[in-house]
Structure formats: C-alpha cells, structure tokens
Novice: 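I have a structure here, written as structure tokens, and I will follow up with some questions on it.
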Protein chains: 2
Amino acid sequence: MLKAERQKYIMTKLIEDQKVVTTDLALALDLSEDTIRRDLNELDSKKLLEKVYGGAVQVSRKSTDVFDIYISAEEEKKQIVTKALSLLRDDQVIIMSGGSTNLVFAKLIPANLKATIYTYSLPIAMQLSQHPNIDLIFIGGKMQKNAMVTIGMDVIQVVSKIKADICFIGASSINVKQGLTEIGYEISIVKKAMIEASDKVVSMFSSDKLNTKMPHSVCDLSQLDTIVTNLDPQDARLEEYKKAGVLVL
Amino acid sequence: MLKAERQKYIMTKLIEDQKVVTTDLALALDLSEDTIRRDLNELDSKKLLEKVYGGAVQVSRKSTDVFDIYISAEEEKKQIVTKALSLLRDDQVIIMSGGSTNLVFAKLIPANLKATIYTYSLPIAMQLSQHPNIDLIFIGGKMQKNAMVTIGMDVIQVVSKIKADICFIGASSINVKQGLTEIGYEISIVKKAMIEASDKVVSMFSSDKLNTKMPHSVCDLSQLDTIVTNLDPQDARLEEYKKAGVLVL
DNA sequence: CAAAATAATGCAGTTGTATGCAATAAATAA
DNA sequence: TTATTTATTGCATACAACTGCATTATTTTG
C-alpha cells in the first residue's frame, strides 16, 4: 500500500468518524504506530487534520473566506487583474466569464464600485455576492460541473439579450492568427455571445497562454479591444498583438 | 509496445485501481522501473496523475469541501436530513430551495444517486457540482446577495415550467393554522411556484421553527406531503401536523 | 539509401525516503 | 503521586528515485 493511499484512507476515515485513533489505524492498516503517527504529523502540518493525544480530529473550519478554491499562481494573477481594474467605471454593465483569473479579479473589485455584473460562474457569483454595491445577476442553465459554470442554449439566450458596456473573458489559448480559441465547443459559443453583447471586450491571461491553440474558435484579434497579461506591454512577445490593433495593458 | 500505448495503459489502470505501483507496472509491462518512472513523471507534469513515492495516484479532486460556510447546529441538521435521504430515488427530478438545512442535505446525498436537481441557491449548487452523478441545473436571475439565492420573475418563470417529482423546501416558520410562512415576499412566491411544479412536497426544519409565523404565506399544511424534523415522529408537538394529513419523518 | 540526429530504454552508482525498533520523554489516568 | 499509555528521537535497513552514461530504436536529413 502506498503512503499516499494510506493517508487518503486516514482522511476518509476521519470524515466518516470525525476522529481517528492511532492504535486502531495501526491495527487496521497493519503498520507500526510510529508510521501512523508520522502520517498524522504530516497531515497535521498540511492542516488537513488536527493531531491530538491518541489520534487526530477534524480541523475546525476557518471562517474568513466564504469558500476555498485553489488558485494556481495566485500572486501572478493578482498582478494581471490589478492592471485591469482601471477599466472599471461606476454604472457599467459588465459580463464576466468563468476562470480563476476572473475569480481573482472579482475579489479585487473595489468595494465602492457601483455596477451591474452578469456572470455564469458559481465561484465568481459567490465572490461577488460579498460585494456591497454590485447588482449581481446569475445566468442560469445546465451546469458544467467541473468548471462550475452554466452552459448551453439557456445561457446563450440570456447573454444575447444583454446590452453590456464591457465584458471580461478568460482565455484558454490565444494566438495571432486564430485569435481566442477554447477547448470546449459550448464554452466557445457562450463567449461568442458575450462578445456580441458587449461594447468593449477585455481578456486577461498569463503569458503561457500566448501563441497556443485549441479546437474551437471564439473570435479573432480584431474583436478584442484589450488584453491584459503578466508581461510588460513593451515585451517583444506582445508586439504582433499590438500591430493587430489590440490595446495591451 | 509504443510509449503512447503504454501510457494509456497506465492511465486506464490508474482509473481502475485508483493508484498504480511502479514495480507492478514494470513487471506487468516487462520494462525497467526507470522507464515507468519516466512515464509517470511525464504524466505528472501533464497533470494527468499525481506521482507519489512508490507509484502514482489520481489527481486529487480539489479539497472535499469547495467552500466554507458556517452552519449553525450542523450536527442537528445532519440528523434531520439523514432521515430525508430515504425519499430519494434514482432518476427523480428534484427542486431544492436554499437554506442551510438544504445545504447539509446536499452534502449528504449519496454519491451513487443519479438524479436531476434544479436549484437557485449558489452554495447548494457549489456543493452539488462536486457530485458525480447529478445533472445540475441552476435557475438564474437577480441575486439576493445575503442569502446567495436568485429571486424574482426570472426564477418564477423557470420554476413554473419544471415538472418535478419532488421538492425540498426550507422553512422559516410553520404552524398548523397558516402553514408555511416566509419573511420575504419574493421568496414566498418562488416557493409557491416550486410547490406547483412538484408532485411531492417535502420540508425539513428544526423544531424551533414549529408554531411560529412570518408575514408572507407560502402554502397551508394540506399542500405539504412530508415534514422532517429533529423530533421523534411520535413527539406530542407533531400530533396536530399528523392529524392534518402530513407524513412526519 | 545511408548517415546523422534524436528519442527511448536499461544499467550502475548515489542519494533520498519510508519504516520499524529501541530508548527516552511526555501526557494521561488511577 | 505512581503506573500506564502515547509521543518523540535517533538509528539501521530496505527500497525507491534520480543522475549520468552506454546501448539500442526511431526519425530526420542529405
């Protein structure tokens, strides 16, 4: 039995019984108590449980943040979205797609901004529901569960009736020739509708998305007004995008 | 045997067994462990699996709980909703209102249940998006931000078109004369629509809601099929409800 | 087609990790 | 308090993983 497997077992048992006992685990897994203790210490230091004399108990939930989604390279994303905050104005109507970059953006929207935001992403809606001055409208439909966004015709229908000032689109892939492309067909058509519905189109992404390609086209560069990346706008890698008429922040 | 073929085999085995062991794979594929390790490293860097000491395991589905909402008296609520799990069947169409009791219910729905669930509560949708076998449909509209639910005509319109087998309604207040009542007008009409749309109506709440009253009527007792509380069904406080024809769990 | 470049594989030596055991320390229970 | 249980520490052993290198396929190029 692998160590990782064993620790998973311990976590499962912990959730079932609310606690685990060192000696019981050693018996059940046919291992020395020392090993179990080492596992418990490890899991404890990862804050996945709390070690106590004789075993371990569940970790008491924190309460500062409403939810707990892992965001890779969060610092980098903060830098990106901070640049985009300058695009926000009071009384705008905004559409936001899903994606962790947009989620970071939602977290950083200043508390005094008054605006109307449409979104179809659950985490973003959760985040924005904490904001005191934003009118929030969730676009319903069938959920794509892993991404926690709604998709399909219901979404398209609602989006196509919005008259938005600006939309913020997450990007899976972008390159000069094909523009924005997506891995999923359904997401691609939703994003097309977002672009149709908005006066201004902004996309935020990190530089590793540059010059990559996915199967389903969203739009070409001419339809993007602004892109925001972690690179300096003067960076050579962005040269071609600027030539195509896109504003680079 | 091609490398690609081999890696496919590894991925298949990983899904079957939840894990793979380096030495076993080397034996089964008649290759050195080094080669297997190189494969595992490759697949790891593609994030298709997670390499661990001795082998590899499946990529950890984000932490079990995606978010972190404080639920008062969670243990009591667990006891209530556990009783209600017996009402669930495969292939049902279900509508769920918001509320922390329903959220606890959502957490405890067995992983093997296959059903379609409509909801207009963000936390419940987040929770259910973790469920492997549920078709989830979110009912969009304007968000009532403190409660994290959508409300208004958009919601009513969608709900009134659903043909549901069963709905689970959280209760603010219930008493024998007025039935279910709510503090907010908008929520009350959404719940009315839910009841219209469902063959069977279930409400779960703790006993402190019994014999209390709010301004806006939802329905009277005759429209409720089942109520689920923390009390023993034989408890005297539930006598009148049973006389009114409600099934008490 | 042959030659060259590239990739894949296995091997040996080294490094790192996991585990159990024994001795000792700390915490709990009587 | 003492006795008992549980934890910690250092150490030895076994095994897994990594490194660099040689060998063999495979692909690319002239």
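Reminder, nothing fancy here: chain letters follow the sequence lines and each chain counts from 1. This one's a predicted model, so the numbers in the text were calculated from it and none came from an experiment.
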Novice: Using atom CD of A/Glu42 as one end and atom P of D/dA7 as the other, report the distance to the nearest whole Å.
Specialist: 16 Å

Novice: Using heavy-atom distances to pick each residue's nearest nucleotide on DNA chain D, tell me which of B/Thr22 and A/Gly55 is more 5'.
Specialist: A/Gly55

Novice: C/dT19 C1' sits how many Å from A/Arg6 CZ, rounded?
Specialist: 8 Å

Novice: Between the side chains of B/Lys8 and B/Glu5, is the shortest nitrogen-to-carboxylate-oxygen separation below 4.0 Å, so that they form an ion pair?
Specialist: no

Novice: Distance check needed: D/dA7 P versus A/Glu50 CD, whole Å only.
Specialist: 14 Å

Novice: Atom CD of residue position B/Gln92 - does it have more than 12 heavy atoms of other residues, nucleotides or ligands inside 6.0 Å?
Specialist: yes

Novice: Check this one for me: any side-chain N or O of A/Thr23 less than 4.0 Å away from OP1 or OP2 of D/dT5?
Specialist: no

Novice: How many Å lie between CG on A/Asp24 and P on D/dT5, as a whole number?
Specialist: 15 Å

Novice: Check the phosphate of D/dA7 against A/Asn41, side-chain N and O only, distance under 4.0 Å to OP1 or OP2. Yes or no?
Specialist: no

Novice: Taking everything shown except B/Asp232 itself, do over 12 heavy atoms lie less than 6.0 Å from its CG?
Specialist: yes

Novice: Quick check: does any side chain N or O of B/Thr229 sit under 3.5 Å from a backbone N or O of B/Ser207, one acting as donor and the other as acceptor?
Specialist: no

Novice: Under a 3.5 Å distance rule, please check whether B/Lys107 uses its side chain to pair with a backbone N or O of B/Lys78 as donor and acceptor.
Specialist: no

Novice: Which of residues 27-40 of chain A have a heavy atom under 4.0 Å from DNA chain C?
Specialist: A/Leu31, A/Ser32, A/Asp34, A/Thr35, A/Arg38

Novice: Contact class for A/Val21 (heavy atom, under 4.0 Å): base, sugar-phosphate, or nothing?
Specialist: nothing

Novice: How many Å lie between NZ on B/Lys3 and P on D/dT26, as a whole number?
Specialist: 13 Å

Novice: Taking atom types as they are modelled, would you say the side chain of B/Tyr53 forms a donor-acceptor pair with the base of C/dT17 within the 3.5 Å cutoff?
Specialist: yes

Novice: Does the plane of the ring in A/Tyr185 sit parallel, tilted or perpendicular to the ring in A/His216? Use 30° and 60° as the thresholds.
Specialist: perpendicular

